[in-house]
Amino acid sequence: MLSLHMALLLGVIFASILTRAASVGVCYGMSANNLPPPSTVVGMLRDNGFNSVRLYAPDSDALAALAGTGIGVIVGAPNYVLPEMASSASAASAWVRANIAAHPDVSFRYITVGNEVAGSDTQYLVPAMENMHGALAAAGLGDAVKVTTAISQATIAVHVPPSAGEFADESKPFLLPVLQFLERTGAPLLANLYPYFVYTYKAAGDMDVSFMLFTAAGTVVQDGEYGYQNMFDASVDAVHAAVERLGVSGVDVVVSETGWPSAGGEEASVENARTYNQNLVSHVGKGTPRRPWKVETYVFSMFNENLKEAGVEQNWGLFYPSTDRVYPITFGK
């Protein structure tokens with residue numbers, strides 16, 4: 001039997017190993033005409049210690065390259081397929097057969113039914129999610145792959161204090177049934193959270209950029225017994241509060257996009273992008289003041305994407321399409 005001292009020592013060693021592992025995943029967008037082949041990209045994921053990746057659509061070459069790697073995969077059913085998925089269970093079954101069941105060696109984690117769905121298209125969300133969930137169950141994959149959706153930061157009306165977190169009035173009618181679906185099926189809510197946009201749009205008032213970059217010297221927002229030194233933690237806890245305010249409990253929050261642009265806009269610089277993302281990688285394993293455990297998080301994005309709108313939208317990448325780093329950063333290896 002291990003002595004208490006030895007057990008504690010082994011626990012510290014094991015925790016140290018986990019801490020050194022990559023604590024974030026990455027978004028692999030493809031809005032570019034100059035990206036390296038997926039086989040090269042998957043090699044980059046492995047070389048940099050990423051153990052999870054988000055795809056916005058089921059690209060067959062990327063899925064083939066990910067097969068057998070053990071890298072966890074979020075794959076998206078794009079917004080344009082939602083009307084068909086919502087109206088036809090057979091269409092959802094065909095989608096699952098072609099894009100999930102056809103890749104048995106890929107470690108799928110979640111299917112995101114739509115990304116930042118807004119306006120009249122929100123009517124399709126829950127019916128499409130229900131049909132996708134049913135299709136996975138029929139394929140024997142219902143326990144392994146969860147169905148969810150990714151919401152925009154624009155759905156959040158109140159960021160600080162986090163305990164007052166609340167969804168925008170126009171978002172509540174479609175989010176409540178989404179959250180009830182997630183609660184029933186045990187799936188998390190995916191949220192795209194960008195302190196950069198909170199800062200540039202002054203969504204939380206006129207706050208110093210250091211609060212956004214994880215570089216504030218001390219507590220900036222005191223919320224009861226909890227002190228917040230960065231907007232990332234505040235936003236995550238605000239989403240949890242907003243979910244609970246709608247009467248839903250037990251739904252986890254995954255940060256499905258976050259990052260900082262290296263050029264093209266206010267406070268968009270290589271140094272700020274490096275500072276934000278390096279501090280993010282170092283921080284997310286610690287959790288938030290209210291939830292002191294790892295926050296599953298995906299950095300946006302793997303590459304600068306030249307087919308996006310000019311300005312900040314083209315400059316979120318950790319890497320150039322040449323595979324060179326945009327700035328020095330350590331992901332965990």
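Closest approach of G76 and P58 over heavy atoms only: O-CD, 3.3 Å. Between K146 and A187 the shortest heavy-atom distance is CB-CB, 3.8 Å. Heavy atoms only, all atoms of each residue included: N315 and G311 are closest at ND2-O, 2.7 Å. Here the closest heavy-atom approach between residue V147 and residue F181 is recorded as O-CE2, 3.5 Å. Taking each heavy atom of Y28 and L55 in turn, the nearest pair found is CD2-CD2, 3.4 Å. Considering all non-hydrogen atoms of both residues, I111 and L136 come closest at CD1-CD1, 3.8 Å.
A donor-acceptor pair under 3.5 Å is absent between the side-chain atoms of E244 and the main chain of A241, judged by distance alone. Counting only distance, with no hydrogens or angles, the side chain of N306 and the backbone of N33 share a donor-acceptor pair below 3.5 Å. No donor-acceptor distance shorter than 3.5 angstrom exists from the side chain of E183 to the backbone of V251, with no hydrogens or angles considered. Without hydrogens or angle criteria, S93 side chain to A89 main chain gives a donor-acceptor distance under 3.5 Å. Remark: side-chain polar atoms of D59 are paired, donor with acceptor, to backbone N or O of A62 under 3.5 angstrom. At distances below 3.5 Å, at least one donor-acceptor pair connects side-chain atoms of S235 with backbone N or O atoms of M231. Remark: the backbone N or O of M85 is paired with a side-chain donor or acceptor of N131 at under 3.5 angstrom. For the pair Q180 (side chain) and L182 (backbone), a donor-acceptor distance under 3.5 Å is absent. A donor-acceptor pair under 3.5 Å is absent between the side-chain atoms of D324 and the main chain of Y320, judged by distance alone. In this structure a side-chain-to-backbone donor-acceptor pair under 3.5 Å is missing from T148 to T112.
In this structure, E309 places its CD atom where only 12 or fewer heavy-atom neighbours from other residues, nucleotides or ligands lie under 6.0 Å away. Counting heavy atoms of neighbouring residues, nucleotides and ligands inside a 6.0 Å radius, atom CD of E84 does not exceed 12 of them. Sparse packing is recorded around CG of D143, with 12 or fewer heavy atoms of other residues, nucleotides or ligands lying under 6.0 Å away.
Follow the hydrophobic side-chain contacts under 4.5 Å out from L190 and you never reach V75; the two are in separate clusters. By the rule that hydrophobic residues join a cluster once side-chain heavy atoms approach within less than 4.5 Å of another member, I329 and V53 end up as members of one cluster. M30 and Y298 fall into different hydrophobic clusters, where Ile, Leu, Val, Met, Phe, Trp and Tyr side chains are chained together by heavy-atom contacts under 4.5 Å. In this structure, F319 is a member of the same hydrophobic cluster as I71, with clusters built from ILVMFWY side-chain heavy atoms closer than 4.5 Å. There is no path of hydrophobic side-chain contacts, each under 4.5 Å, that joins I74 to M129.
Between the side chains of Y327 and N277, at least one donor N or O sits under 3.5 Å from an acceptor N or O. Judged by distance alone, the side chains of D121 and N79 never bring a donor and an acceptor atom under 3.5 Å apart. With 3.5 Å as the limit, one finds no donor-acceptor pair spanning the side chains of N192 and Q153. For the residue pair D237 and Y228, a side-chain donor N or O sits within less than 3.5 Å of a side-chain acceptor on the partner. Side chains of N51 and R46: a donor-acceptor N/O pair is absent below 3.5 angstrom, by distance only. Under 3.5 Å, the side chains of R274 and N279 contain no donor-acceptor pair of N or O atoms.
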List the steps, then state whether side chain to side chain contact (heavy atoms under 4.5 Å, CB included) holds for F167 with L246. CA-CA 9 Å; F167 291 119; L246 288 182; 3.8 Å; yes

Step-by-step side chain to side chain contact (heavy atoms under 4.5 Å, CB included) determination, L125 to L82: CA-CA 7 Å; L125 262 177; L82 265 60; 4.0 Å; yes

Side chain to side chain contact (heavy atoms under 4.5 Å, CB included) evaluation trace for D252 with L189: CA-CA 6 Å; D252 199 9; L189 173 68; over 6 Å; no

Passes side chain to side chain contact (heavy atoms under 4.5 Å, CB included), Y226 versus V221? Steps please. CA-CA 8 Å; Y226 301 105; V221 173; over 6 Å; no

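Contact annotation: the side chain of Y199 approaches that of E267 to within less than 4.5 Å [non-hydrogen atoms, C-beta and beyond]. At a threshold of 4.5 Å between non-hydrogen side-chain atoms, the residues H283 and N230 count as touching. Using a 4.5 Å cut-off on side-chain heavy atoms (C-beta onward), C27 and Y56 make contact. At a threshold of 4.5 Å between non-hydrogen side-chain atoms, the residues T40 and T323 count as touching.
The ring pair (Phe, Tyr, Trp, His ring centres under 6.0 Å) test with W260 is passed by exactly one of W316, Y194, Y276: Y276.
We find the NE2-OG distance between H240 and S163 to be 14.0 Å, quoted to the nearest 0.5 Å. Taken to the nearest 0.5 Å, the CE atom of M302 stands 4.0 Å off from the CE atom of M44. If you take CD1 on I156 and CD1 on I151, they are separated by 5.5 Å, rounding to the nearest 0.5 Å.
Salt bridge R290/D233: absent, no basic N to carboxylate O contact under 4.0 Å.
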